[in-house]
Number of protein chains: 2
Amino acid sequence: MELFWRHGYEGTSIADLTTAMGFTPPTLYAAFGSKEDLYREVIQFFLLRSERRRMDAALEQPSAYAMLRSYLYAAAESFTDPHTPAGCMVATAALQCASENQPIAQEVARIRQHMVLGFVERLNEAKTSGELPATIDALALANFYTAIVQGMSVQAIDGARTNDLLAVADLALSAWPGTKDEG
Amino acid sequence: MELFWRHGYEGTSIADLTTAMGFTPPTLYAAFGSKEDLYREVIQFFLLRSERRRMDAALEQPSAYAMLRSYLYAAAESFTDPHTPAGCMVATAALQCASENQPIAQEVARIRQHMVLGFVERLNEAKTSGELPATIDALALANFYTAIVQGMSVQAIDGARTNDLLAVADLALSAWPGTKDEG
DNA sequence: ATAATTATCTATCGATCACTAGAAAAATTT
DNA sequence: AAATTTTTCTAGTGATCGATAGATAATTAT
């Protein structure tokens with residue numbers, strides 16, 4: 001996971017993986033099938049371990065605003081966690097790749113879309129509860145906060161520190177078009 | 001440029017390039033030196049042709065707010081221009097790559113940093129002119145709008161349309177902590 | 001028109017890519 | 001302990017990677 005996270009799908013070779021894991025290619029293929037299968041498995045592992053944990057904690061918040069704040073703060077922390085590679089493993093992954101790896105890119109893009117829809121769902125709840133004006137475009141707002149997460153991931157890769165990303169998150173939260181009462 | 005733009009540095013092979021340009025590898029190497037040199041040259045060409053044009057037009061605006069609006073709107077248009085690959089060639093390029101291509105990644109990251117500093121400079125002017133409160137952290141604000149550009153680039157690659165990105169831009173502009181009078 | 005130069009070709013370099021057949025070693029079962 | 005199964009290794013597959021030597025063609029200069 002660490003290798004794919006840091007170097008991406010194309011930037012990580014079977015030799016890199018087997019060296020890091022301490023065995024030889026046949027063992028890897030017996031265990032995971034192919035490089036592509038292994039990458040998919042790693043992504044799912046990452047989602048369960050990092051992304052889902054972030055999102056679950058955020059969705060527990062009492063308001064949509066608090067959810068976004070929780071998520072963005074958690075992202076700022078984890079994107080700059082010195083124990084893991086910088087940035088997010090899916091938010092800015094597989095953006096450019098060779099034609100033969102297009103399926104990989106599409107799968108990662110689908111996961112990103114899924115994340116947007118998670119935000120949209122919560123924002124629509126906020127519209128019915130009155131936290132957000134009914135006139136608000138929930139999809140546009142979800143795209144906006146997703147863009148912030150993606151930009152934070154880029155900047156983490158470029159060496160930004162936790163506080164830099166927290167400041168970006170706060171500015172994004174200042175654009176919140178609803179109430180900020182609870183949370 | 002189109003190949004590197006769409007598939008990235010690692011995702012584009014010499015064979016891809018020579019096929020697209022209609023000649024053979026020795027001609028490419030005689031003309032450009034190496035794949036790395038060619039990529040650097042392409043990036044410079046892109047900066048002059050697209051990025052610099054966007055930035056120059058933005059810096060002509062009478063206010064910092066209008067500059068950001070001009071830049072973000074231009075980005076929304078060009079990132080989704082059907083005549084070129086989706087997204088920006090530098091904003092989301094070379095984020096993950098093999099260790100041996102680290103120099104390329106660092107160079108692109110340096111260009112991104114340069115873009116942030118361009119924003120910072122204009123924002124500091126806005127502080128002295130009174131358009132922005134003196135208490136504002138210009139670097140944080142520049143990082144915020146840069147993050148939006150980077151996120152817009154990711155979403156363009158993922159298939160977003162011009163209007164989607166314009167909506168994201170407008171929400172980012174709504175976070176502007178200064179006056180919006182002129183422009 | 002001939003000579004010198006430049007440009008592009010064919011054919012390939014060694015290295016590395018993802019991946020695998022068949023042997024050897026380790027673990028498990030009888 | 002012997003037989004069987006599972007696992008991992010050595011060694012190598014063909015394909016493709018970026019890059020190049022030497023020959024050929026096209027252009028330019030005399």
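The basis for the numbers below is simple: all heavy atoms, side chains too, and nothing from hydrogens, waters or symmetry mates. Protein chains get the first letters and strands the later ones, always in sequence-line order, with residue 1 at the start of each.
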So, [X] side chain and [Y] main chain: donor-acceptor pair closer than 3.5 Å or not?
| X | Y | result |
| --- | --- | --- |
| S70(B) | A66(B) | no |
| D137(A) | A140(A) | yes |
| R112(A) | V90(A) | yes |

Would you mind reading off the distance between [X] atom [atom1] and [N] atom [atom2], rounded to a whole angstrom?
| X | N | atom1 | atom2 | result |
| --- | --- | --- | --- | --- |
| L17(B) | dG18(D) | CG | P | 8 Å |
| I14(A) | dC9(D) | CD1 | C1' | 17 Å |
| H7(B) | dC17(D) | NE2 | C1' | 17 Å |
| E100(A) | dC17(D) | CD | C1' | 11 Å |
| E10(B) | dT16(C) | CD | P | 15 Å |
| Y29(A) | dG22(C) | OH | C1' | 18 Å |
| N101(B) | dT16(C) | CG | P | 13 Å |
| L28(A) | dT7(D) | CG | C1' | 14 Å |

Can you tell me if E36(A) has over 12 outside heavy atoms packed within less than 6.0 Å of its CD? yes
Just say parallel, tilted or perpendicular for the rings of W176(A) and Y145(A), cut-offs at 30° and 60°. tilted
Tell me which residues in residues 32-40 of chain A lie within less than 4.0 Å of DNA chain D, going by non-hydrogen atoms. none
Closest non-hydrogen atoms of F144(B) and A172(B), given as atom of the first, atom of the second and distance, are CE2-O, 3.7 Å
Do F119(B) and N143(B) touch side chain to side chain, with heavy atoms closer than 4.5 Å? no
Any side-chain heavy atom of M115(B) within less than 4.5 Å of one from I111(B)? no
Among F4(A), F45(A), W5(A), find the residue that satisfies the ring-ring contact (aromatic ring centres under 6.0 Å, His included) test when tested with Y39(A). F4(A)
Heavy-atom protein contacts under 4.0 Å, nucleotides 5-10 of chain C, coded B base, S sugar-phosphate only, - none: ---SBB
Any base atoms under 4.0 Å from T12(B), or only sugar-phosphate, or nothing? Heavy atoms, all strands. sugar-phosphate
